[in-house]
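Each chain gets a letter, A, B and so on, in the order the sequences are listed, and its residues count up from 1.
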Protein chains: 2
Amino acid sequence: MELKEAKDKFIHTWGTLATQWGINRTMAQIHSLLLLAPKSMNADEIMSELQISRGNVNMNLRDLMDWGLIYKQLLPGERKEYFIAEKDIWKVAKQIAKERRRREIGPLIDAMQDLKDGIKPDTAEKEEFLKIVNDISTVSVFADNTLTSLLKADENWLVSSFIKVFNR
Amino acid sequence: MELKEAKDKFIHTWGTLATQWGINRTMAQIHSLLLLAPKSMNADEIMSELQISRGNVNMNLRDLMDWGLIYKQLLPGERKEYFIAEKDIWKVAKQIAKERRRREIGPLIDAMQDLKDGIKPDTAEKEEFLKIVNDISTVSVFADNTLTSLLKADENWLVSSFIKVFNR
DNA sequence: TATTTTTTTCAAAATATTTTGAAAATTCAA
DNA sequence: TTGAATTTTCAAAATATTTTGAAAAAAATA
């Protein structure tokens with residue numbers, strides 16, 4: 001397997017997997033292209049490399065910046081904007097985890113809180129309902145706190161603390 | 001807010017959030033309906049409650065069983081199959097985490113391994129490429145192991161071990 | 001300021017996913 | 001067995017999401 005072939009396979013695989021986890025294919029492909037690129041790239045280069053439209057490239061570059069996975073780079077003497085990916089994979093993993101926590105756990109906590117606030121446990125049925133809502137609330141707050149604690153720590157601490165926990 | 005209203009809001013919210021995390025709306029709605037139901041329900045009851053087709057109900061009930069979130073219950077004297085949700089929210093959370101680990105992390109580990117196996121580091125460029133592949137491999141194996149260890153433990157151990165880790 | 005380059009927006013088109021519903025397969029009782 | 005009840009399948013329809021590309025906006029230059 002030659003390098004070009006391997007890189008294409010990497011980009012394709014990353015794009016396919018992404019759809020399994022709620023991220024769109026193009027965003028993942030642009031991300032992996034930049035991850036493998038030795039230099040920063042501009043919109044035109046990404047367009048021609050992945051054969052996609054300018055609008056699509058622009059929209060996904062902005063999303064990737066929102067996710068904190070790529071940075072804009074302004075090169076002196078260049079009008080065009082260049083983009084470069086965060087290459088530290090631990091940071092990438094942390095950013096992804098952080099964003100997914102925000103998107104997936106946050107709204108769940110809020111929704112359960114609204115239900116708790118909006119209903120009084122004045123019948124047995126309502127109590128039963130609130131029991132479930134409370135349980136979900138507890139579990140999601142727990143998951144949120146756990147992830148938050150992990151993400152605050154730096155990566156070395158992260159690794160070593162897990163080794164400590166799971167080796168005892 | 002009355003009970004019926006709160007339950008509908010719960011089902012609706014669960015369905016909407018699910019789409020954010022790669023689970024389809026109907027599957028989430030059926031799950032929440034069964035989670036809140038005092039008794040097990042059959043396909044016809046689910047159809048009329050959620051106003052969806054028989055095929056859709058059938059397909060999603062099977063998916064929910066695959067996820068280990070609901071169980072089939074055969075009632076004596078009844079021809080129809082009844083379904084009941086796992087009510088222990090810790091178990092539910094564990095099942096969801098387990099399934100997502102399998103779907104999201106597993107394929108990533110396999111893909112990186114294929115790339116590692118398929119390419120020789122005989123040029124500087126290839127070495128650089130393999131560095132990234134290796135990093136992703138390491139992080140995803142780490143995440144996989146961490147989750148696996150957590151999921152093997154029972155929930156009390158889970159809670160207390162996290163408290164230990166994060167309080168020191 | 002006017003002109004050119006680059007980025008952004010967004011309605012329409014293309015693509016992907018989900019849902020339907022009727023037919024086929026399966027299960028169960030007599 | 002047969003026949004009725006129930007579940008499953010899957011092609012077509014409906015819906016949702018993504019992508020395009022041209023026009024508008026913004027930014028840089030002269």
Side-chain angles (χ1 to χ4, degrees), chain A residues 11-34 40-67 69-84 103-104, chain B residues 11-34 40-67 69-84 103-104:
Chain A
I11 291 168
H12 177 262
T13 303
W14 200 253
T16 306
L17 289 181
T19 59
Q20 299 251 331
W21 13 295
I23 288 162
N24 99 7
R25 197 169 52 90
T26 307
M27 178 171 148
Q29 287 186 342
I30 294 175
H31 180 228
S32 52
L33 177 64
L34 290 175
S40 56
M41 298 178 76
N42 64 39
D44 289 281
E45 290 166 346
I46 296 168
M47 280 170 69
S48 78
E49 186 71 37
L50 300 178
Q51 294 292 307
I52 53 181
S53 72
R54 183 177 302 284
N56 199 4
V57 168
N58 183 270
M59 168 169 290
N60 283 294
L61 283 173
R62 277 187 298 115
D63 286 350
L64 283 165
M65 284 191 287
D66 288 345
W67 276 72
L69 298 176
I70 66 170
Y71 311 112
K72 193 183 278 187
Q73 209 178 43
L74 294 173
L75 297 183
E78 279 280 3
R79 287 278 290 268
K80 289 182 179 158
E81 296 175 332
Y82 283 73
F83 299 89
I84 191 161
R103 290 172 179 235
E104 298 180 7
Chain B
I11 291 168
H12 177 261
T13 303
W14 200 253
T16 305
L17 290 181
T19 60
Q20 297 253 330
W21 11 295
I23 289 164
N24 97 8
R25 199 169 52 90
T26 306
M27 178 170 149
Q29 287 187 341
I30 295 175
H31 181 228
S32 51
L33 177 64
L34 289 175
S40 57
M41 296 177 79
N42 63 40
D44 289 283
E45 290 166 346
I46 296 168
M47 283 169 69
S48 78
E49 186 71 38
L50 299 179
Q51 295 290 309
I52 52 180
S53 73
R54 184 177 301 286
N56 199 3
V57 168
N58 183 270
M59 168 168 290
N60 283 293
L61 283 173
R62 276 187 299 113
D63 286 350
L64 283 165
M65 284 191 287
D66 289 345
W67 277 71
L69 298 176
I70 65 171
Y71 311 112
K72 194 183 276 188
Q73 208 180 42
L74 293 173
L75 297 182
E78 280 278 6
R79 283 282 287 276
K80 286 180 180 158
E81 295 176 332
Y82 282 72
F83 299 89
I84 193 162
R103 291 170 178 236
E104 299 180 7

Atom [atom1] of [X] and atom [atom2] of [N]: how far apart are they, to the nearest Å?
X	N	atom1	atom2	value
B/Asp63	D/dT9	CG	C1'	14 Å
B/Leu50	C/dT18	CG	C1'	15 Å
A/Leu75	C/dT5	CG	C1'	16 Å
A/Met47	D/dT19	CE	C1'	12 Å
A/Ile46	C/dT8	CD1	P	12 Å
B/Met65	D/dT8	CE	C1'	11 Å
A/Glu45	C/dT6	CD	C1'	14 Å
A/Phe83	C/dT6	CZ	P	13 Å

Below the 4.0 Å mark, does [N] have OP1 or OP2 next to a side-chain nitrogen or oxygen of [X]?
X	N	answer
A/Thr26	D/dT19	yes
A/Arg25	D/dT19	yes
A/Asn58	C/dT7	no
B/Asn24	C/dT19	yes
A/Arg62	C/dT9	yes

Task: Side-chain donor/acceptor of A/Arg79 to base of C/dT5, under 3.5 Å - done: yes
- [ ] Return the 5'-most residue of the pair A/Glu81, B/Asn60 with respect to DNA chain C, ranking by each residue's nearest nucleotide.
- [x]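 The residue closer to the strand's 5' end, by nearest nucleotide, is A/Glu81.
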Open item on the list: Looking at every non-hydrogen atom in both residues, tell me the closest pair between A/Gly15 and A/Arg25 and how far apart they are.
Closed with: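 Distance-wise, the nearest heavy atoms are O-CG, 3.5 Å.
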Open item on the list: Please give me the minimum heavy-atom distance between B/Arg54 and B/Ala43, naming the atom from each residue.
Closed with: NH1-CB, 4.4 Å
TODO: Specify the residue among A/Glu78 and A/Met59 whose closest nucleotide of DNA chain D lies further upstream toward the 5′ end.
DONE: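 By nearest-heavy-atom nucleotide position, the 5'-most residue is A/Met59.
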Open item on the list: On DNA chain D, compare the nucleotides closest to B/Asn56 and B/Asp44; which residue's is nearer the 5' end?
Closed with: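 Closer to the 5' end of DNA chain D: B/Asp44.
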Calculate, to the nearest 0.5 Å, the distance between atoms [atom1] and [atom2] belonging to [X] and [Y] respectively.
X	Y	atom1	atom2	answer
A/Leu61	A/Ile46	CG	CD1	4.5 Å
B/Gln29	B/His12	CD	NE2	7.5 Å
A/Met27	A/Thr19	CE	OG1	13.0 Å

Open item on the list: Taking the minimum atom-to-atom distance to the side chain of A/Arg54, which one of D/dT20, C/dT7, C/dT20 wins?
Closed with: C/dT7
